[in-house]
Student: 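The structure is given below, and queries will be raised subsequently.
Chain letters run A, B, ... following the sequence lines, proteins first, then strands; residues in each count from 1.
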Number of protein chains: 2
Amino acid sequence: MRADAKRNYDRIVEVARVVFREQGYDASLDEVAKRAGVGPGTLYRHFPNRDALLDAIMQSWVDRVDEAAEKALTHEGSPRDLLLAWFEEYVRLISLHKGGPAKITSALGDPDSPILTKCQVLTRASDRVVDRLRDEGALKDGVDTISLCRLVGGVATVADQSELDEAAVRPLLEVVADGMVK
Amino acid sequence: MRADAKRNYDRIVEVARVVFREQGYDASLDEVAKRAGVGPGTLYRHFPNRDALLDAIMQSWVDRVDEAAEKALTHEGSPRDLLLAWFEEYVRLISLHKGGPAKITSALGDPDSPILTKCQVLTRASDRVVDRLRDEGALKDGVDTISLCRLVGGVATVADQSELDEAAVRPLLEVVADGMVK
DNA sequence: TGCTAACCGGAGACAGTCTCCGTATCGTGG
DNA sequence: CCACGATACGGAGACTGTCTCCGGTTAGCA
């Protein structure tokens, strides 16, 4: 990639991260281009569509997922507390920007999703938590990773759309945790 | 209201109900107008914006909510089963069209929502179920109606966006129910 | 039947998405 | 060091959807 192209690419991703956080996933791409100091043509050549841009934004995010899972797994305490700690990390991770929780959660089961690989990272991290708890015999039968992701993703989606703060989200996560542990 | 105006009003609502179900809440309003055989001006005079139209569509829906609550309350069986029966009705009720669960659930806490009164009907119905279960001492402390609506709304939102069928939704609702009953 | 208030609906302003293509720039090979 | 081909840039504009304005039409009453 030519030096000027790389410069523009990086600049667009950086600006898009800010704009998506400020205005949500529906923000105008022409505005992203304008704020990045490039023409719309440039933006659309690098990123054929909105999802491609999101995918690039999430590139650095992947590392944080594994860190978060690691951190949650070191959590001392009851299975319920471990689960809750992971839930809270999970919600934080997928609440990248307005519309993020919905976007990511609906991509979970979609093999054609442009952010599929990103979601798999998240699923695998949840897998580790589920495996650990299952080994301890702490989970109800029938509880699996995909259910966990959907339930917590659902809570995060509602929180995102209703602009709930952490204090309001916590009791919802507690219900989900209580419903999953034996 | 003049007879011709009423005719158009009714026709638009009827067509919008179909189009929203087919294409989701984001469907083009100009298309609704076209299919109703009126100009866009007529549609927008009757309904200043998309939400006003949704509000009109939901008018007849209100009756079905109370019926559904009634039906759930007659349910014989354990508190968990009653709760589950109501959850399933709830999901069905708010899954009017694509985007419906998200729309309705996010309107729950918004006093300025254009469909506020419709949501209150839903909240009140859930209240009846919660009161009944609380009287029986079957609910955990801290569980309230708004939490119920948000959790089940979250599940319905995910189901809507991921196009899950009833069989896939059921285990999610079971987790929520288990987390709420003692 | 004639009048007037109410209603109709198309033209068009505006915003966002995305493409095309002439122009400008990079960086390499001579 | 320069010239040239490959690559990238970005603005003009086509297209779609939202919503408004207003000239023309019509319902319904006297």
Student: Select base, sugar-phosphate, or nothing to describe what B/A33 touches, counting heavy atoms under 4.0 Å on all strands.
Tutor: nothing
Student: Just checking A/P40: base, sugar-phosphate only, or nothing, at a heavy-atom cut-off of under 4.0 Å?
Tutor: base
Student: How far apart are the closest heavy atoms of B/W61 and B/K118, and which atoms are they?
Tutor: CZ3-O, 3.7 Å
Student: Quickly work out the A/L43 CG to D/dA12 C1' distance and round it to whole Å.
Tutor: 17 Å
Student: So, does A/T42 get its side chain near the phosphate of D/dA8, meaning an N or O under 4.0 Å from OP1 or OP2?
Tutor: no
Student: Consider the side chain of B/R2, meaning its heavy atoms from C-beta on, and name the nucleotide among D/dA27, D/dT18, C/dT17 that approaches it most closely.
Tutor: D/dA27
Student: Checking all strands, does A/S28 fall into the base, sugar-phosphate, or nothing category for heavy-atom contacts under 4.0 angstrom?
Tutor: sugar-phosphate
Student: Using whole Å, what does the distance between atom P of nucleotide C/dC8 and atom OH of B/Y9 come to?
Tutor: 13 Å
Student: Heavy atoms only, 4.0 Å cut-off, all strands: where does B/N8 land among base, sugar-phosphate and nothing?
Tutor: sugar-phosphate
Student: Rounded to whole Å, how long is the line connecting atom CZ of B/R35 with atom P of D/dG17?
Tutor: 13 Å
Student: Rounded to the nearest Å, what distance is computed from the OH atom of residue A/Y25 to the C1' atom of nucleotide C/dT17?
Tutor: 13 Å
Student: With a 4.0 Å cutoff (strictly under), does any side-chain N or O of A/H46 reach OP1 or OP2 of D/dC9?
Tutor: yes
Student: Please classify the nucleic acid contact of B/A36 as base, sugar-phosphate, or nothing, using heavy-atom distances under 4.0 Å.
Tutor: nothing
Student: Can you tell me how far C1' of C/dT17 sits from CG of A/D26, to the nearest Å?
Tutor: 13 Å
Student: Counting side-chain heavy atoms from CB outward, which of C/dT17, D/dC19, C/dC7 is closest to B/L29?
Tutor: D/dC19
Student: Run the numbers on B/S147 and B/D144 for side chain to side chain donor-acceptor pair (under 3.5 Å), then give the verdict.
Tutor: CA-CA 5 Å; B/S147 297; B/D144 54 8; 2.5 Å; yes
Student: What's the CD-P distance between A/E31 and C/dC18, to the nearest Å?
Tutor: 16 Å
Student: Around atom CD of B/E76, are there more than 12 heavy atoms of other residues, nucleotides or ligands at under 6.0 Å?
Tutor: no
Student: Answer yes or no: does a side-chain N or O of A/Y44 lie under 4.0 Å from OP1 or OP2 of C/dC18?
Tutor: yes
Student: Can you measure A/F47 atom CZ to D/dA8 atom C1' for me and round it to whole angstrom units?
Tutor: 14 Å
Student: CZ of A/R134: more than 12 outside heavy atoms within 6.0 angstrom?
Tutor: yes
Student: For A/K6, I'd like to know if atom NZ has over 12 heavy atoms of other residues, nucleotides or ligands within 6.0 Å.
Tutor: no
Student: On DNA chain D, check which nucleotide each of B/R45 and B/R50 is closest to and give me the residue with the more 5' one.
Tutor: B/R50
Student: Atom CG of B/D30 to atom P of D/dC19: distance rounded to whole Å?
Tutor: 9 Å
